[in-house]
Number of protein chains: 2
Amino acid sequence: MARRPTLKDVASEAGVHPATASRALNPETRHLVNDETAQRVHQVADSLGYQPNPIARSLKTARSASIGLIIPDLTNPLFPPIVRGIEDVLGGVGYNAWIINTDNDPARETAAVESLRNRSVEGLVFATARLHHPFIEQLAAGGTPTVLVNRRLAVSDVPSVTGDDAGGVAMAMRHLVDLGHRQIVHLAGPQDLSTGVNRLRAFRQALEDHGLENSPSRLKLCSAWAETAGAKAVTELLDDGVEFTAVLAGNDLLALGCYDALAERGLSCPGDVSVVGFNDMPFVDKLSPPLTTVRIPHYELGAEAAHLLLERLRAPDRTARSVLLPLTLVNRQSTAPPRRL
Amino acid sequence: MARRPTLKDVASEAGVHPATASRALNPETRHLVNDETAQRVHQVADSLGYQPNPIARSLKTARSASIGLIIPDLTNPLFPPIVRGIEDVLGGVGYNAWIINTDNDPARETAAVESLRNRSVEGLVFATARLHHPFIEQLAAGGTPTVLVNRRLAVSDVPSVTGDDAGGVAMAMRHLVDLGHRQIVHLAGPQDLSTGVNRLRAFRQALEDHGLENSPSRLKLCSAWAETAGAKAVTELLDDGVEFTAVLAGNDLLALGCYDALAERGLSCPGDVSVVGFNDMPFVDKLSPPLTTVRIPHYELGAEAAHLLLERLRAPDRTARSVLLPLTLVNRQSTAPPRRL
DNA sequence: TTGAAAGCGCTAACAG
DNA sequence: CTGTTAGCGCTTTCAA
């Protein structure tokens, strides 16, 4: 197999110095070279099938046209669309992403970031942010271009791209109230994540806005975004005799658990209890009943995060900006007017 | 921010030549150096927080401790487990993967592979293989270490890791026959993919094995692994008055379409028609009825593919070997004895 | 506008 | 066992 041509090959074939060939081939520096020469170099490069060696370039420039993407777990259906959004935008400008799964293990996170830095990644996108996340804060404070996606930090100027949870909850609650519901419970997600606390906060706000009683018994804190946690919460609610006609689940998995618990007690959805989820995961439209849920534009979240990061790379001194993407209520069959008044 | 220490820093701090430091730090060559010296070098490296620069190493060695992984689309729930299986195994030996989504576009595939080679990836894993796939065949013939996962080529010695479709279909068919079904239709997937043809072939074999009539009318070729294709196929079957009591769908998406078509015609599953899927995608246990399906161990497929590739990298001359992983039937509620005899 | 020269950080002959 | 030397392929001063 013939050795791949190098810049030197192109240069000698075109009768110029390698430095000139480099300048001619690099769009950034092409203007420094005689137009005619540049064209010749390009022709030779094409005919030889020359492809620059990104490794050599990285070594010299300490840049790599790549970024690191840190996610909890690729098999969680939330993340693939985010990843694709990021990759599609990056790909458009010749960048690539290294994807790391941390399984929410801080040790893996730090190790991964260390190894990414050795690879000279130019920036980092985290989908793993907890409300208090010293590691990320340090990194960002240390000047590493960093963007958060899907989740954000509690107080910080690290730019983030997230869904407008407050708006989403408000829509969901209005929907339930419009249907006639007055006794609504919330299955809140982990309170160390921005999504968990923001949705809970918005739930309380909505109760107030609609003049509904803010009864502590109508709130369940779930320690994980998991079906079992949702089922457990609803079972306890039922056992405690809490009255409710609707459930706002912190996410779709919790809503799924809710379905399970309801079914186990012989309660029908939406006949006895309406349920609203969050995320619009794949296939929740295939449940029975199809789940009414607040859709988060995950692909767009990723795309926007990539844009933000690229912008930071180009203009590091521009002030950080976070973006909130609008959510939409997907109205399916798991919500209906309450049976009892 | 202090410059990261280089090998030279470590060497001078330890009072040795950089080459010695290199040998001491690299496990492969550590035995070439005095034990005492090596220890000192390691200590200095630790205290300085030295991390080798993989880019410089790659440039020198033309190896990169990374491989390329070419998949159709990360948002298809089939692939994330495969990816994780691969990454987990590779990670264990210090390797990483570049993930590329092709969206089944051959042009993107060739472009991606080209760019991966520029990055000196040491091998390639394809999850995009079609039965006839000249590009992959050329690559493998050209000496690029290549492994296929999930799908394989028609005739070729390119090693692959796939599920045992024949065995899976046999199990599913036996299950249906044991329930009493005699009129079984197959929704076959795309016939340019090994999965599509292998399952169809196994279906025919099973008909023969069980002494069932091989009626052409009981077969529908679907042009895509998509819900709409499955729905269309079943609707046509019904319109044509074909008699059947069970459907073996080529995959879960096709089975989903089958559910839709059945529901639209007011037929119940499994009361009127039993349905078996393929893959055991996430959440098919939440459908109503929960889908009986043939489970493919996607994570293990990925892990095995990574092992195979690593082995090829270590011993390129060993003869290529393909592996077939056993499938299991997940018996849920979409199958039952036929109503009519 | 182009060439010369140096060097990014590392490893691999080769000598000693 | 260790040091010397050279160079992977590219970019970037600096000088002409």
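Just so you know, these numbers use all the heavy atoms, side chains as well, and skip hydrogens, waters and symmetry mates. Each chain gets a letter, A, B and so on, in the order its sequence line appears, and its residues count up from 1. The structure presented is a predicted model; accordingly, all values stated were derived computationally and were not measured.
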S.K.: Nearest to the A:A19 side chain among C:dT11, D:dT12, D:dC10, which nucleotide is it?
M.R.: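 Per side-chain heavy atoms of A:A19, the pick is D:dT12.
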
S.K.: Which residue, B:A56 or B:D35, contacts DNA chain D at a nucleotide closer to its 5' end, judged by nearest heavy atom?
M.R.: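 With B:A56 and B:D35 compared, the 5'-side residue is B:D35.
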
S.K.: Between B:T61 (side chain) and B:R63 (backbone), is there a donor-acceptor pair under 3.5 Å?
M.R.: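 Yes.
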
S.K.: Given D:dG3, C:dG9, C:dT2, which nucleotide is nearest the side-chain atoms of B:N53?
M.R.: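 Nucleotide nearest to B:N53's side chain: C:dG9.
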
S.K.: Nearest 0.5 Å, what's the CG-OG1 distance between A:L148 and A:T128?
M.R.: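 Result: 8.5 Å between the selected atoms.
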
S.K.: Kindly point out which of C:dC8, D:dT2, C:dG3 is positioned nearest to the side chain of B:V33?
M.R.: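 Of all the options, the side chain of B:V33 is nearest to D:dT2.
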
S.K.: Nearest to the A:K60 side chain among C:dA6, C:dT2, D:dG3, which nucleotide is it?
M.R.: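 Per side-chain heavy atoms of A:K60, the pick is C:dA6.
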
S.K.: How is A:S22 classified with respect to the nucleic acid when contacts are heavy atoms under 4.0 Å: base, sugar-phosphate, or nothing?
M.R.: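 Base contact.
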
S.K.: Once you round it to whole Å, what is the distance between P of D:dC8 and CG of B:L7?
M.R.: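 Rounded to the whole Å, the gap is 19 Å.
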
S.K.: Ignoring hydrogens and geometry beyond distance, is the side chain of A:R23 in donor-acceptor contact with the base of C:dG3 at under 3.5 Å?
M.R.: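 Indeed there is one.
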
S.K.: Calculate the interatomic distance between A:E28 atom CD and D:dT13 atom P; express it in whole Å.
M.R.: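 The answer, rounded to whole Å, is 13 Å.
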
S.K.: State whether A:T61 places a side-chain N or O below 4.0 Å from either non-bridging phosphate oxygen (OP1 or OP2) of D:dT11.
M.R.: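 No.
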
S.K.: Using a 4.0 Å heavy-atom cut-off across all strands, classify A:T37 as base, sugar-phosphate, or nothing.
M.R.: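 Sugar-phosphate contact only.
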
S.K.: Heavy atoms from C-beta onward define the side chain here; which of D:dT5, D:dC10, C:dC10 lies closest to that of B:H17?
M.R.: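 From the listed options, D:dT5 comes nearest.
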
S.K.: Is the backbone N or O of A:L193 less than 3.5 Å from a side-chain atom of A:R130, with the two atoms forming a donor-acceptor pair by type?
M.R.: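 Checked: no pair found.
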
S.K.: With distance as the sole test, does B:T146 use its side chain to make a donor-acceptor pair with the main-chain N or O of B:T144 at under 3.5 Å?
M.R.: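 Flag set: sc B:T146 to bb B:T144 pair under 3.5 Å.
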
